[in-house]
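Here is the structure we will look at, set down as structure tokens.
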Amino acid sequence: MRPLLLITISIINLSCSNTNNNSMGYFNKSNSTEETSKNIDNKEMKKTTEMLNETVFWNIIDKSLKNTNNQQDQEVFLIKEIVNLTPKEIVGFRLRTDKLLYDTYNSKMWCAGYLMNGGCSDDGFEYFRNWVISRGKDVYEKAKENPDTLISQKENGEFEMFEFESFWYVALEAFKKKTGKDLYDYIDYNNFKTSEGNYPQFEFDWEEENTDSMKKLCPQLFEHFWK
């Protein structure tokens, strides 16, 4: 009976050993796959000038507006949505944002920002235009053609200010979460020309001291905001 008992015990031990090995192998494989996937992403990432598809970009913005009621919640929502993109697409989200900022860098838009915020510095103008983008495609496109149409958004300021500085950084936060890397390192600034450092030169066609000049450019905003 003793030899039989020893054989039985050996079989049980062998079975448990195989089960443990198989389990450890599964977890090791899972961790390894996840780590490998991240490493592959990082190795394949190169500097780019490719903007995110415009439709995809605006769909994300519009979705954030439908699901949130304030800037803080919108910021959180955007980061969660953007992190689902590929690393290259996340960089593309920022590049698309920069292009939209570039396209609205002009005197008339600055006048609108000045009126709505009771003043508008260089940085304030950046944050104002980020806010315009954050209001969605329809608002942005209309404002690009005629900034006075932003009167439709007079109730959508945050604490009576029409700025959204942190919108500019949602892609950076998402990229950090996705890759652990700094998004700026993957923008090809040598070839991406529609960025902050390459804004066009223009002359202001309005003056702070000449209120009539502001009223002429943005009559509705002037009437509502200027005191």
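Just so it is clear, the model here is predicted, and its values are computed rather than measured. Because only heavy atoms are used, hydrogens play no part in the values below, and waters and symmetry mates are left out as well, while side chains stay in.
Annotation for L150 and L221: closest pair C-CD2, 4.0 Å, computed over non-hydrogen atoms. Scanning both residues, I60 and E81, for their nearest heavy atoms gives CG2-CB, 4.1 Å. Closest non-hydrogen pair, E208 versus M214, comes out as O-CE, 3.9 Å. Closest approach of I82 and A174 over heavy atoms only: CG2-CB, 3.6 Å. When every heavy atom of S134 is checked against every heavy atom of F167, the shortest pair comes out as CB-CD1, 3.8 Å. Nearest heavy-atom pair across C218 and K108 is SG-O, 4.1 Å.
Without hydrogens or angle criteria, N117 side chain to F162 main chain gives a donor-acceptor distance under 3.5 Å. Using modelled atom types, no side-chain atom of N198 and backbone atom of T194 make a donor-acceptor pair closer than 3.5 Å. Of the possible donor and acceptor atoms, one in the side chain of S64 sits under 3.5 Å from a partner among the backbone N and O of I61. Judged by distance alone, the side chain of T68 and the main-chain N or O of D73 form no donor-acceptor pair under 3.5 Å. Proximity of a side-chain donor or acceptor of E89 to a complementary backbone N or O of M51 within less than 3.5 Å is not detected.
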Audit row: T49, N191, side chain to side chain donor-acceptor pair (under 3.5 Å) steps and yes/no: CA-CA 7 Å; T49 62; N191 294 298; over 6 Å; no
Stepwise side chain to side chain donor-acceptor pair (under 3.5 Å) test for Q153 and N156: CA-CA 5 Å; Q153 300 298 304; N156 290 319; 2.8 Å; yes
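Ion pairing between a basic and an acidic side chain is recognised when a charged N comes within 4.0 Å of a carboxylate O; K216 and D212 show no such pairing. Between R94 and D98 a salt bridge is recorded (basic side-chain N to carboxylate O distance below 4.0 Å). Here D138 pairs with K142 in a salt bridge; the nearest charged N to carboxylate O distance falls below 4.0 Å.
Between the side chains of T48 and D188, no donor-acceptor pair is found at a separation under 3.5 Å. With hydrogens and angles left out, the side-chain atoms of E75 and S166 include a donor and acceptor closer than 3.5 Å. Side chains of W226 and T211: a donor-acceptor N/O pair is absent below 3.5 angstrom, by distance only.
One hydrophobic cluster, built from ILVMFWY side chains closer than 4.5 Å, holds both Y186 and I90. V83 and F175 are members of different hydrophobic clusters when ILVMFWY side chains are connected at heavy-atom separations under 4.5 Å. Under the 4.5 Å side-chain contact rule for hydrophobic residues, M161 and V132 do not share a cluster. Using a 4.5 Å cut-off between side-chain heavy atoms of Ile, Leu, Val, Met, Phe, Trp and Tyr, with links allowed through other members, Y169 and F125 fall into the same hydrophobic cluster. Criterion: ILVMFWY side-chain heavy atoms under 4.5 Å apart, direct or through other members. Under it, I79 and F77 are not part of a common hydrophobic cluster.
The salt bridge (Lys or Arg N to Asp or Glu O under 4.0 Å) check on E173 picks up nothing, with sequence neighbours excluded. Taking the ring-ring contact (aromatic ring centres under 6.0 Å, His included) definition, one finds that F202 meets it with Y105, F204, sequence neighbours left out. In terms of the ring-ring contact (aromatic ring centres under 6.0 Å, His included) criterion, F192 has no residue partners (sequence neighbours excluded).
Rounded to the nearest 0.5 Å, atoms CD1 (I187) and CG (N190) are 12.0 Å apart. In this structure, CG in L115 is found 9.0 Å from CG in L217, a value given to the nearest 0.5 Å. Interatomic distance, CG of N146 versus CD of E141, reported as 13.5 Å (0.5 Å rounding). Rounding to the nearest 0.5 angstrom, the gap separating the CZ atom in F57 from the CG atom in D62 is 10.0 Å. Taking CG from D185 and CG from D182, the interatomic distance works out to 4.5 Å, rounded to the nearest 0.5 Å. Between the OG1 atom in T97 and the CZ atom in F93 there is a gap of 4.5 Å [rounded to 0.5 Å].
A cation-pi geometry, defined here as NZ or CZ lying under 6.0 Å from the six-membered ring centre and within 45° of its normal, does not hold between R129 and Y127.
Ring-plane geometry between Y199 and Y102 is classed as tilted, the angle between the planes lying from 30 to 60 degrees on a 0 to 90 degree scale. By the 30° and 60° cut-offs, the orientation of the rings of Y140 relative to W58 is tilted.
Heavy-atom neighbours of K193 NZ from other residues, nucleotides or ligands within 6.0 Å: above the threshold of 12. The environment of E50 atom CD is sparse: at most 12 non-hydrogen atoms of other residues, nucleotides or ligands sit within 6.0 angstrom.
Ring pair F128/W110: centre-to-centre distance not below 6.0 Å.
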